[in-house]
Each structure stands twice: as C-alpha cells, then as structure tokens.
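Heads up, the thing below is written out as structure tokens.
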Number of protein chains: 2
Amino acid sequence: MPSLRDVAEQAGVSVSTASIALRHDTRVKESTRRRVLSVAEEIGYRPNGAARDLKSRRTGMIAILLHDLGGPFYSELLRGVSTRAQANGLTALVCTSALDRGGELTRLLREKRVDGAIILDSSISEDDILEVASPSLPLILLDRQIQHPNLYSVLCDHRSGAYMATLHLIDAGYRDIGIILGPSDSHHSHLREEGALQACRLRQCVPRPDHIWHGAFTESSGYQLVDSVLASDDVPRAIFVANDEMAVGLMRGLLERGVRIPDDVALAGFDDIRITQYVSPPLTTVRQPMYELGILAADTLMRALRGDEDITPIVLQTELVVRGSS
Amino acid sequence: MPSLRDVAEQAGVSVSTASIALRHDTRVKESTRRRVLSVAEEIGYRPNGAARDLKSRRTGMIAILLHDLGGPFYSELLRGVSTRAQANGLTALVCTSALDRGGELTRLLREKRVDGAIILDSSISEDDILEVASPSLPLILLDRQIQHPNLYSVLCDHRSGAYMATLHLIDAGYRDIGIILGPSDSHHSHLREEGALQACRLRQCVPRPDHIWHGAFTESSGYQLVDSVLASDDVPRAIFVANDEMAVGLMRGLLERGVRIPDDVALAGFDDIRITQYVSPPLTTVRQPMYELGILAADTLMRALRGDEDITPIVLQTELVVRGSS
DNA sequence: TTGAAAGCGCTAACAC
DNA sequence: GTGTTAGCGCTTTCAA
C-alpha cells in the first residue's frame, strides 16, 4: 500500500509538499499539484486514516450507540443524525451494544476512534458513560440525564405522551382504566406510568391496583397478559399499554378471545411502530419525533464539538395518534 | 489526555515496559506490572486507538454497509454478523450510504479505518467497490458478485424463492398469473422475475405481457398499481409481487376496492417483512435467512482476514411462507 | 526483566 | 513555493 512518501518520491517533491498538494492547498504551484495528483492516482495512493487521526487528533466520525437495531424508528433517528453529520463533513456510524457488551465502548469511545457519540441505550451503565466522557469526547444522551460537563441530553417527554393517551381514553368515555407497564426497572416504563396515573388522578378515576400489570415490552409478553386481564372480575374498559409491541400482542390475544376492540375494550399504545397502522383495528398510540430527535441530537453534538458552552437539555414533545382502537 | 509515556514516567519505567505491562505480557515482573496498572488507572490512561492502529496495521473493526436501516430484517443480519465478530474479538459497525454518498466509503474503506467490510447495498457502484478492495481490505458482497481476488460473495437464491412462490400460486389453482416487479434496473427485481417466469413456463401459463407491472418497491407504489391491475379487462386471479412492501400496498388498495383476498385475487410477496404477519389476510411470502446470511458473511470475512485461500461463493436458500393471502 | 531507539504515515511550524 | 524537521502515541526489535 503506497504511502504519501512514495507519492512524494515519485513526484520529485517533499512529503510535506505532497501533503498540502493533495489537500488542494493554494500554496503549491498548479503544475506541482497536478504532478502530485497524477502520481497519487497512478500508484493508487490512499491516505491512511489512522495516521491522519493520530496527527490531527480527530477522526471525522461520530457514533450512534443503540441497544439493537430492531427498535422503533431507529432508521428515522439515524436519518436525522446522518443528515446533520454529513452537512458537517462527518460520518455517522451505528453500533449496537446488545451483543457486543463493552466492545464498542472500548474500541470506539475509550480508544477515541470517534470524535463524539449519541447514546440511546439504557443498558449502558451510568458508570461506563461517565468513564468515557471527556472534553475531547462529548456525548449526547437520548432520554437520559447525567450531570457532567461533557454530557448533554436530548429528551422526549414520555410522561406527557402517556398523559395525553390516557386522558384521551378517559375522555372518550372509558372511566375504567387499566395500565400495562414494562419491566419495573425500565426508566421509560416508569415515566409512562407517571403520565398515565397523572391523567387518571386528574379525572379522578385512578385504576385499581390489580388493574396495573407488567410486561416485558415484547409482543409475546403482551399476548400472555391476556389471561390476567380477562381474569379480572371487572375487566377494564380501556387499557393504556406502555408500548406498542405489548399492545399489539395484547390485541391479538383479546381478538382471539372474541373481545371486540374498541367496543369491549379500548386500547392505546406508545411508540407508533409501523405495524400499529396495519393491525385491525389500527392502534391509537403516541408518536415520538425520532427524525427531529436525530437532528437535534446531531446538532447538539456539533455544538459540543465546536466547544460551545452552555448547551441546555432539550425536551421534545410527543404526539397523540388516534386510530381505531380507541 | 494522558499517554502511555505519562504512565511510564509516573511508574518509573520505560514506555516499552509500560506497553507490554498493560497488555498483561508475562515478560514483566508482577510487581512492575501492578505498579504500571495502578498508575494507568489512577491518571485515567486510555490507549489511543489511532496510534495503535497505525502501528499494528489493523483496527479490530469491521463495517457493514447498508443502503438504509429501514430494510427488511437488517437487524437480523446485523445480529448474525455481530455474533461472529464478537467471537473473533472484532467490533462491527453499521454505516448507511443512502444519505452519506461516498463519505463512508472514503472514511471507513478508502482510509482503512476498518479491517474489512460486508456490503449489502446495490447503490454502491462496482467501480467504487473495485477501487477500495485490496489484500488488506477484503470485502464480502451480499447478493452480488464481482470477480476480484479480494471480493467474496454470499448470495441468497432469489430466483428459486420467486419460483417457489409463483409455483405455489399456480398449483393452488390460479392459472391466471400477474407479476408485479420492482424498478427495471434492480438486480433483485430481475432475479425474482426470472424465477417467477420460470415457474409459469413450467406450468405453461406464462402471463400476458400486460399482466406484468413495475413498481418502485415501496408500499405506496404498490397501492398506486391497483388501478392498473383492476383496469385490465381480465384481472389476474393471482399476483406474485416482487417485494412485500408493494404487496402490502397493493393489498390495501384491493381491499379498499372491495376485492376479496384470496377469493378474488390471491397474493404472494417476497421478503417476509414483519407487517406481512399483521395485515389481513396475512401475506404469503418468501423468507430470506438474514441471520444465517449475517453469520456466513462474517465467517467468510474472518477467513479472508486470516488470509484463507479459495473461498468459494456461498448460496443460501430461501423459504416459502404460506399464509392466508393465497 | 527492562530500556533505548526506530518508525508506522501523516501534518504543520518554520525555514529557505 | 517548497523543503526540513519534529513529533502525534504506540509497538516492537534488539541490547543490556
């Protein structure tokens, strides 16, 4: 693999001249520049990224750390981030941590193979994040907040989303509300619970304790909850389900048991994953503006990279999407 | 940011000793090693990836180039790749080229910031691929073949998948077959067309030329084709649609027009995207083994990285998934 | 068991 | 305009 030195030698110039010639610097004579360029082309010269990064102390790359790619609208998020990254001459990489426990943190962040990162993965511990954050490696946290000079947050208001969805159910005439939450250690589940309960309190129809269930945020866990839900002596007339995966599973289970939706039980979910539009009836849900989230996260990262001071946490609002299930 | 030199100085050893001590080499005295380690810990030393890569001429990272993340089962593919990458001590990165035209090719491949890559993106030109492939940068091409010593292929048999699906429609009693293809410059569309026609020829029911349509592989393009399909004086009794997105769009359109599926028109798609299970009726389709594809692609890359000779192209078979639409 | 020294490929300050 | 020089932070001979 030919190096800059090979180019310089064959073009009869010094390495430094070759270097600036290749970067279209105006300090070199046009004829020299052309000679260098043609030699480079001819011998198939490729600049070495590692050498460049080592010297320049930046890589031109940013990472997006996700738990897994299957999540809702990650492609939207990434589209937002990529758009802005590209506009700033950066390349955005995606890394999933579900399988590669710690590996991506070490290679990309600890060893600084990227200039910064956007993290949307609650399975990455606060300690790990605090350990890698530094002035030369700003991190944007999505849906989480940690106090640290080089940590910035972009948040989505899950609480108000759940609040809107639940209020919508109540105001549609269903006062008998049930709630299906995610794992009790899930931050998202907790926020969504708070929002839902807040709506119930406002309308004075707080659900019975045994009308609050916990699933695993998966479709099958929603499906399996059907028994518990229907076993109740007084089945709730409407259920706020803390994510769409479970809502879709629950819906399938209910329909199999002959329960009519929304006539017997109304349903609202959270996330607006794609299949909510295809199930029958289509699912009422809460949409997070993932593309905008990506844009804002990337813009915040760019500002941090530029050394911008006082970046305050940004909070994005969710949107209630009313469909046939409620 | 403290460097190895800082660690060495504070530990009272040379840089080289510090270097091998940190890598748990047995050549250093246990006490020295511990001293180095504790100093490193104390001053927050992080090895610099660029310097390491520059010296060692490898990065420990591989890239997966996708057109966009929205595609069917990319998360499955990635799971397969990640599993194997991790088992080999490598970190897998994903990069989408839809927005970052060329940027990722330059940063990651041209400048060799990864050791190798897996490419599933027909929008990347053959020239670009040929330009970056080299002995030190083996590339695994998914669903495409290019002759080059450092290019390896893992293929999925789209042709036989389309053949199976179409044969299934015909043998279910529908001899009046229609075919909806993707863009005419799409390689996948072309392969699927060949398979479908092969089945028709075998059963001697080749579709009329005006019963073959072209869409854009998107849901909306499938939806828009409803008019053309129903405008025919002799609407086909069964339609093989070259991808699920279009099939789902078409199905929606047909149902809106009161066409019953499969009673009036039977449907089969291709890809087995998630929503095929949720539409009514669920869509018959062809599944590609994306996880296995990822495993095989990664394994092939590992072999190429090891300098393994004679790696022959691998072909994976698809699977027909029969559901209610046929 | 440890250290000195060379160099990976590149950039940039400074000299000519 | 172009060349000289000095590293960036690390690994790796080779000596001691």
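Every chain is numbered from 1, with letters handed out A, B, ... down the list of sequences.
- Summarising the local packing, NE2 of B/H190 is surrounded by 12 or fewer heavy atoms from other residues, nucleotides or ligands at distances under 6.0 Å.
- Distance CZ (A/R58) to P (D/dG9): 16 Å, rounded to an integer number of Å.
- Going from atom CZ of B/R35 over to atom C1' of C/dT2 covers 11 Å, rounded to whole Å.
- Using a 4.0 Å heavy-atom cutoff across all strands shown, A/R46 reaches sugar-phosphate atoms only and no base atom.
- Atom pair B/R23:CZ and C/dT2:C1' shows a separation of 14 Å (rounding to whole Å applied).
- Without hydrogens or angle criteria, A/S97 side chain to A/L66 main chain gives a donor-acceptor distance under 3.5 Å.
- Closest to the side chain of A/V28, out of D/dT2, C/dA6, C/dC10, is D/dT2.
- Look at A/S14 and you'll find a side-chain N or O under 4.0 angstrom from OP1 or OP2 of D/dG3.
- Using a 4.0 Å heavy-atom criterion, one finds that B/R52 contacts the sugar-phosphate atoms exclusively.
- With rounding to whole Å, A/E9 atom CD is found 14 Å from D/dG3 atom C1'.
- For the pair B/S19 and D/dC10, the criterion of a side-chain N or O lying under 4.0 Å from OP1 or OP2 is not met.
- Distance from the side chain of A/A51 is smallest to C/dC10 among C/dC10, D/dG3, D/dC10.
- Of the two residues contacting DNA chain D, namely B/I20 and B/L54, the nearest-nucleotide position lying further toward the 5' end is that of B/L54.
- A salt bridge does not link A/E309 to A/R303: none of the charged nitrogens lies less than 4.0 Å from a carboxylate oxygen.
- Under the 3.5 Å distance criterion, the side-chain polar atoms of B/S38 are matched with a main-chain donor or acceptor of B/R35.
- Within the 4.0 angstrom heavy-atom criterion, no nucleotide atom of any strand lies near B/S56.
- Note on B/R57: a side-chain N or O is less than 4.0 Å away from OP1 or OP2 of C/dG9.
- A salt bridge links B/R110 with B/E131; the closest basic N to acidic carboxylate O contact falls under 4.0 Å.
- Contact of A/S16 with D/dT4 (side chain to base): a donor-acceptor pair of N or O atoms is detected under 3.5 Å.
- A sub-4.0 Å separation between OP1 or OP2 of D/dT2 and a side-chain N or O of A/K29 is present.
- Put simply, CG on B/L22 is 11 Å from C1' on D/dC10, counting in whole angstrom units.
- Closest contact between the side chain of A/T32 and the listed nucleotides D/dG3, D/dT11, D/dG1 involves D/dG1.
- Looking only at distances, a side-chain donor or acceptor of A/D115 sits under 3.5 Å from a matching main-chain atom of A/G60.
- Base engagement by A/V15 is indicated by at least one non-hydrogen atom pair under 4.0 Å involving a base atom.
- Rounded to whole Å, atom P of C/dG7 lies 18 Å from atom CG of A/N48.
- The CZ-P distance, from B/R27 to C/dT2, rounds to 11 Å in whole Å.
- Nucleotides of DNA chain C nearest to B/R33 and B/K55 differ in position, and the one nearer the 5' end is that of B/R33.
- In this structure, A/R5 places its CZ atom 14 Å from C1' of D/dT4, rounding to the nearest Å.
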